[in-house]
Every structure is written in C-alpha cells, then in structure tokens.
Protein chains: 2
Amino acid sequence: MTSRTTAPTDALPDEPAREWTIAEVAQEFGVTHRTVRHYEELGLISPERRGTRRVYHRRDRTRLALVLRGRRLGFPLEEISRIVNMYDEPPGEQGQLAYLLGQITDRRRDLEQRRRDIEDSLQELDELERRCRRDLSALEPASP
Amino acid sequence: MTSRTTAPTDALPDEPAREWTIAEVAQEFGVTHRTVRHYEELGLISPERRGTRRVYHRRDRTRLALVLRGRRLGFPLEEISRIVNMYDEPPGEQGQLAYLLGQITDRRRDLEQRRRDIEDSLQELDELERRCRRDLSALEPASP
DNA sequence: CCTTACGTTGACGTCAACGTCAACCGTTCC
DNA sequence: GGAACGGTTGACGTTGACGTCAACGTAAGG
C-alpha cells in the first residue's frame with residue numbers, strides 16, 4: 001500500500017520461491033500483457049515455460065522493474081536491453097570487464113546530463129510558480 | 001567551447017538582434033533541418049517568414065533549447081508543447097492561473113520521480129563498477 | 001460435457017518522430 | 001545567363017513501441 005500500483009519491489013523472506021502468471025505481473029507493474037510479451041520478444045525478460053504457459057519468477061520481476069525504470073527515463077528498449085544485461089553477466093575476462101567499465105562511464109555521463117536537465121527544469125518551474133502566485137495575488141488581494 | 005555542439009544558450013549583448021537561418025540553428029543545436037521544420041509543424045517554434053524563407057530569432061532558439069531539453073528527458077513532443085507554452089503565455093485570469101499551478105505541480109511530481117529513478121540508477125552503476133573493478137583486480141594483482 | 005476464464009500465437013494496425021526524395025524557387029557569383 | 005547553393009513544399013517511408021483482433025489451447029467448475 002506504499003505506492004499506487006502496489007510497488008512490487010518486494011523480496012519477502014516468507015515466500016521462498018513464488019511464481020506469477022502474466023496477468024499478475026502485468027497488473028502489479030501497471031502494464032498490459034502485450035507489453036510484457038513484447039519485452040520478452042526483445043529478450044528483456046525470459047520467463048520459464050511450463051508447457052505453453054509463461055511462469056514468472058523474482059528474477060523476471062527484478063528485470064522488469066529495471067526495464068520500466070529505464071522506460072520512465074525515456075531510454076529506448078534496445079539500450080535498456082544492453083543495460084539490464086550488464087547487470088547479470090558472469091564476471092567475464094579482462095576485455096569484457098574493460099568494455100563494461102566503459103559502458104558504465106557512458107551511462108553515468110548520460111544520467112548526469114539528465115539530472116542536470118531535471119534540476120534546471122525544476123528551477124524554472126519554481127520561477128514560473130512564483131510569477132504565477134504573484135500574478136494571482138495581484139488579482140485578489142484578500143482570499144475570498 | 002564548453003560543450004560538444006557549441007552550446008547555443010547564449011545571449012551576447014553585443015549582437016543586438018541577430019537572426020539565423022535554418023541551417024545555422026540546425027547545426028548549432030545538433031539536429032537536422034527536417035527536425036526543425038517538424039517542430040514548427042507541431043507549433044513548437046514559429047520563426048518569422050521573410051518571403052518564403054524562415055528567419056530565426058533568439059526567441060526561437062530559446063524555445064528550441066527548451067524543446068531539446070525535454071526531448072533529452074524523454075518527454076513526448078505534445079507534452080513538451082504544453083510545457084513550453086506554459087512559459088510565455090500572458091498572465092491570464094484567475095482560472096487560467098489556477099490551472100497553470102496545477103500543471104506545475106504535476107510536472108514537478110514527474111520530474112522528481114525521474115530524479116529518484118536517476119539517483120537509483122547511478123547508485124546501482126556505482127555498485128556495478130565496484131564489483132567490476134574487484135573482479136578485474138582479482139585477475140591481475142599487479143598492473144602489467 | 002459445456003461454458004468460462006485465462007493464456008498463447010501470429011499478424012496486421014497505429015502513432016510519434018522524424019528520414020528521405022523529388023521537384024521547385026530565388027540569390028549570387030563567375 | 002547559367003550553374004551552384006541554400007531554402008521550401010509536399011509526400012511517402014521507416015522505426016520503435018506497443019494496440020488490437022482472430023483463432024485457438026487448456027484447466028477448472030458446475
């Protein structure tokens with residue numbers, strides 16, 4: 001009940017190995033089942049197949065949360081794919097690791113730029129609000 | 001020379017009323033002329049028309065900068081349109097102002113959510129980098 | 001056994017944000 | 001004066017991120 005859509009970032013120790021259907025994850029994350037399947041087509045998540053049905057585990061939910069955060073930030077899904085795959089690759093050899101470090105640097109630069117953009121936007125919003133309130137109080141000096 | 005694409009946020013006092021061609025603004029802002037025209041079709045900028053040619057003024061550059069910042073943040077252009085139009089509307093009457101204040105609140109909420117997402121992402125990147133460097137130093141204890 | 005609910009696979013549709021191309025116009029410069 | 005250059009207007013193409021629809025499978029409940 002902490003957030004509007006049930007905030008499924010949980011890892012409750014009492015549920016040892018829960019499983020979820022597509023309808024459950026879709027609803028909990030506030031997306032359609034089509035979106036979930038689309039992400040699977042792009043390799044962003046790969047749920048277990050039990051017969052023909054998809055079975056989602058905590059791992060899938062973790063990845064989906066990462067994907068949706070990337071989406072909120074406006075990243076294209078292909079880039080998101082590379083990002084989430086950075087996180088659960090095996091340690092790898094030195095070339096891989098150096099490459100990964102480079103990717104990390106790039107991503108950090110990008111995110112820091114975005115943060116600056118956001119700070120600037122917020123500041124300008126503050127300014128605009130001040131002007132707005134000033135104009136408003138100029139219209140009616142006493143609140144009716 | 002502060003940024004890669006000449007950072008055209010200037011307002012040099014020595015140039016009293018400069019004008020720009022589409023090629024100039026496109027190059028300085030790092031977009032194509034098609035993009036600039038597209039933004040005009042959507043009403044995001046409205047350059048002067050001298051005969052058939054477009055003539056851009058500081059006002060257009062200011063708006064374009066706002067638009068591109070919104071784009072970097074991943075906002076859809078339609079939403080960006082509403083945002084930039086918030087900034088240079090006339091003061092308006094009390095209903096308008098109240099509405100505007102509501103919009104400001106909404107935008108702020110959105111931006112703050114994004115900022116949280118970015119902070120989280122940056123933290124996780126830090127973690128990943130630490131793991132990465134640890135793995136790397138485990139491979140070659142002395143740098144060759 | 002039949003319905004109902006949920007799930008699955010294509011496959012086509014859509015919408016935003018441009019890219020690309022053709023055809024054309026107006027200066028300018030040799 | 002004509003060729004090159006930059007600009008303009010359609011108009012169609014493309015890509016990403018899904019929406020939507022049809023047709024079908026299957027497990028559960030009455």
Side-chain angles (χ1 to χ4, degrees), chain A residues 5 8 18-57 60-61 63-85 110 114 117, chain B residues 5 8 18-57 60-61 63-85 110 114 117:
Chain A
T5 16
R18 258 209 73 178
E19 298 173 346
W20 291 268
T21 72
I22 192 172
E24 286 166 346
V25 296
Q27 193 209 342
E28 293 180 36
F29 283 89
V31 296
T32 69
H33 81 290
R34 178 65 179 90
T35 299
V36 177
R37 279 186 42 221
H38 184 53
Y39 292 168
E40 182 178 349
E41 289 172 10
L42 299 185
L44 292 170
I45 47 182
S46 17
E48 187 195 339
R49 287 304 182 105
R50 196 160 299 164
T52 174
R53 303 297 179 76
R54 293 170 172 85
V55 178
Y56 296 85
H57 299 259
D60 303 305
R61 292 162 61 94
R63 299 200 105 206
L64 187 50
L66 280 175
V67 171
L68 293 179
R69 193 178 66 192
R71 189 178 77 160
R72 283 196 302 274
L73 291 175
F75 288 106
L77 290 179
E78 189 186 330
E79 194 165 352
I80 293 178
S81 171
R82 275 178 285 134
I83 298 173
V84 300
N85 286 328
D110 191 339
R114 281 157 186 268
D117 284 336
Chain B
T5 14
R18 257 209 72 180
E19 297 174 347
W20 291 267
T21 73
I22 193 172
E24 286 167 346
V25 295
Q27 194 208 342
E28 294 180 36
F29 283 90
V31 297
T32 69
H33 82 290
R34 178 66 178 91
T35 298
V36 177
R37 279 187 42 222
H38 184 52
Y39 292 168
E40 183 179 349
E41 290 172 8
L42 299 186
L44 293 169
I45 47 182
S46 19
E48 187 195 337
R49 286 305 182 103
R50 195 161 298 164
T52 173
R53 303 297 180 74
R54 293 170 171 86
V55 179
Y56 296 85
H57 299 259
D60 302 306
R61 291 162 61 95
R63 299 201 104 203
L64 187 49
L66 278 175
V67 171
L68 293 178
R69 191 178 68 191
R71 189 178 77 160
R72 283 198 300 275
L73 291 174
F75 288 105
L77 291 180
E78 190 186 328
E79 195 165 352
I80 293 177
S81 172
R82 277 178 284 134
I83 298 172
V84 299
N85 286 327
D110 191 340
R114 280 157 186 267
D117 284 336

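In what follows, chains carry the letters A, B, and so on, assigned in the order in which the sequence lines appear, proteins first and then strands, with residues in each chain numbered from 1.
Residue A:Leu42 contributes atom CG, which lies 9 Å from atom C1' of D:dG16 at whole-angstrom precision. Rounded to whole Å, atom C1' of C:dG19 lies 13 Å from atom OH of B:Tyr39. A straight line from CG of A:Leu64 to C1' of D:dA17 spans 15 Å, rounded to a whole angstrom. Across the protein-nucleic acid pair, B:Arg34 atom CZ and C:dC21 atom P stand 13 Å apart, rounded to whole Å. Atom pair B:Glu79:CD and C:dC15:C1' shows a separation of 16 Å (rounding to whole Å applied). Distance B:Leu77 CG to C:dC15 P: 16 Å, rounded to the nearest Å. If you measure from atom NE2 of B:His38 to atom P of D:dC12, you get 17 Å, rounded to the nearest angstrom. Between B:Glu41 atom CD and D:dA11 atom C1' the separation is 11 Å, expressed in whole Å.
When all heavy atoms of A:Arg71 and A:Thr35 are compared, the pair lying nearest together is NH1-CG2, 4.2 Å. For A:Ile45 against A:Leu64, the heavy-atom pair with the smallest separation is CG2-N, 4.1 Å.
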Next on the checklist: Set out, in order, the CA-CA distance, both residues' side-chain angles and the distance that settles salt bridge (Lys or Arg N to Asp or Glu O under 4.0 Å) for A:Arg50 and A:Glu19, then state yes or no.
Outcome noted: CA-CA 12 Å; A:Arg50 196 160 299 164; A:Glu19 298 173 346; 3.0 Å; yes
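Heavy-atom neighbours of B:Glu78 CD from other residues, nucleotides or ligands within 6.0 Å: at or below the threshold of 12.
Distances shorter than 4.0 Å separate none of the side-chain N or O atoms of B:Thr35 from OP1 or OP2 on C:dA17. Between A:Thr32 and D:dG19 there is a side-chain N or O to OP1 or OP2 distance below 4.0 Å.
A salt bridge links B:Asp117 to A:Arg72: at least one charged side-chain nitrogen sits closer than 4.0 Å to a carboxylate oxygen. Between A:Arg49 and A:Glu40 a salt bridge is recorded (basic side-chain N to carboxylate O distance below 4.0 Å).
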Grab the N/O contacts between the protein and nucleotides 7-9 of chain C below 3.5 Å, and write none if there aren't any.
residue : atom : partner : partner atom : Å
C:dG7   : OP1  : A:Thr21 : OG1          : 3.1
C:dT8   : OP1  : A:Arg54 : N            : 2.5
C:dT8   : OP1  : A:Arg54 : NH1          : 3.4
C:dT8   : O5'  : A:Arg54 : NH1          : 3.3
C:dT9   : OP1  : A:Arg49 : NH1          : 2.7
C:dT9   : OP1  : A:Arg49 : NH2          : 3.1
C:dT9   : OP2  : A:Arg54 : NH1          : 2.8
C:dT9   : OP2  : A:Arg54 : NH2          : 2.5

